[in-house]
Structure formats: structure tokens, C-alpha cells
Amino acid sequence: MRARIENDTKGRRRVYEACAEPCAIERGMRIIGGKWTGSILWHLKDGPVRFNDLSRMIGGASKKMITERLRQLEAQGLVRREVLDTAPVSVQYEITEFGRTALGFLDALREWTESLPQDVSVT
């Protein structure tokens, strides 16, 4: 991330070393920036959680949306899915070691958000 703007010899503004592909921030946001993704990882931090319990923990997200995000997270290696041998069959999800690497900055984001004034718009 060394992109910079400088004036050339004729006073025109030029961009040097522009990102040719997604920069590190954009790449990270593409991995965990999806709606509800951070919340799902955060709620799995304390141990395995069954799907229905997870959907109850995340207010405002539909089961369809949670299912989509869990599939993405599983494909990315952030979450592990386990089918339980119960009647009826149930599924639980657990954060992987790779997924745990995101918890540090998710916690920092939580702290930052909690420090914001209540009147800051969240649309």
C-alpha cells in the first residue's frame, strides 16, 4: 500500500504505485466484510454452537443469510461444520484456528463501535 499522489513537472497530479489488484485492506474486507460475517465469527469464539442457537444469537439476520455466510466461511477455512449424530440430525459450527486470527481486530472494532456517540448514524 504505497500508492501516492504527487505533482509532476507540469503541476499535474499523478498517482504513483497504484494498486494493480485489491490491496490488503480490500482483500481482508472481501474475506470477512460481508454482512453478518463478523457477528458469526464473534459468536463462535467461545466454542461450538448449533445452527439454531447461532441464528437466535444473531438478531436481525435471516436463517437463509446465516446459512449463506456459514457456507462462505467454511469454504474460506474460517469455520468448521460438524453434523451431529442426533435425532433429528443437527449441525454445529466452530471457529477454526485461522478464523480465530480475526478475533483480535473484531474485538478492536467492537471497542471502537462501543466508544462512538449514540447519535452516529449506522445505516
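The chain is numbered in sequence order, starting from 1. On a predicted model such as this, the values are computed, not experimentally measured, just so you know.
For R81, the side chain to side chain contact (heavy atoms under 4.5 Å, CB included) partners two or more places apart in sequence, or in a different chain, are E74, V83, V91, Y93. Taking the side chain to side chain contact (heavy atoms under 4.5 Å, CB included) definition, one finds that E6 meets it with R4, Y16, sequence neighbours left out.
Taking OG of S55 as the start and NZ of K64 as the end, the distance is 15.5 Å to the nearest 0.5 Å. Interatomic distance, D8 CG to R13 CZ, rounded to the nearest 0.5 Å: 11.0 Å. We find the CD1-CG distance between I66 and L73 to be 11.5 Å, quoted to the nearest 0.5 Å. The CZ atom of F51 sits 10.0 Å away from atom CZ of R56, with the distance rounded to the nearest 0.5 Å. Taking CZ from R69 and CD1 from I58, the interatomic distance works out to 11.0 Å, rounded to the nearest 0.5 Å.
V49 is listed as a side-chain neighbour of M57, based on a closest heavy-atom distance under 4.5 Å.
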Please set out all donor-acceptor pairs under 3.5 angstrom arising from side-chain atoms of residues 25-45, sequence neighbours excluded.
from, atom 1, to, atom 2, distance (Å)
E26, OE2, R30, NE, 3.0
T37, OG1, G34, O, 3.1

**Request:** Begin from the C-alpha positions of Q72 and V79 and carry the test side-chain contact (heavy atoms from CB on, under 4.5 Å) through to its verdict.
**Result:** CA-CA 9 Å; Q72 289 172 349; V79 166; over 6 Å; no
**Asked** Passes side-chain contact (heavy atoms from CB on, under 4.5 Å), E111 versus T113? Steps please.
**Response** CA-CA 5 Å; E111 288 177 2; T113 304; over 6 Å; no
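No more than 12 heavy atoms of other residues, nucleotides or ligands lie within 6.0 Å of CD in E97, so this atom counts as exposed by the packing criterion. Around atom CZ of R71, no more than 12 heavy atoms belonging to other residues, nucleotides or ligands sit under 6.0 Å away. Other residues, nucleotides and ligands contribute over 12 non-hydrogen atoms within 6.0 Å of the CG atom of N7.
In this structure, F105 is a member of the same hydrophobic cluster as I95, with clusters built from ILVMFWY side-chain heavy atoms closer than 4.5 Å.
Side chain of T96 to main chain of L78: a donor-acceptor pair is present (N/O by atom type, distance under 3.5 Å, no hydrogens or angles).
Of the charged side-chain nitrogens involved, none lies within less than 4.0 Å of a carboxylate oxygen, so that R50 and D53 do not count as a salt-bridged pair.
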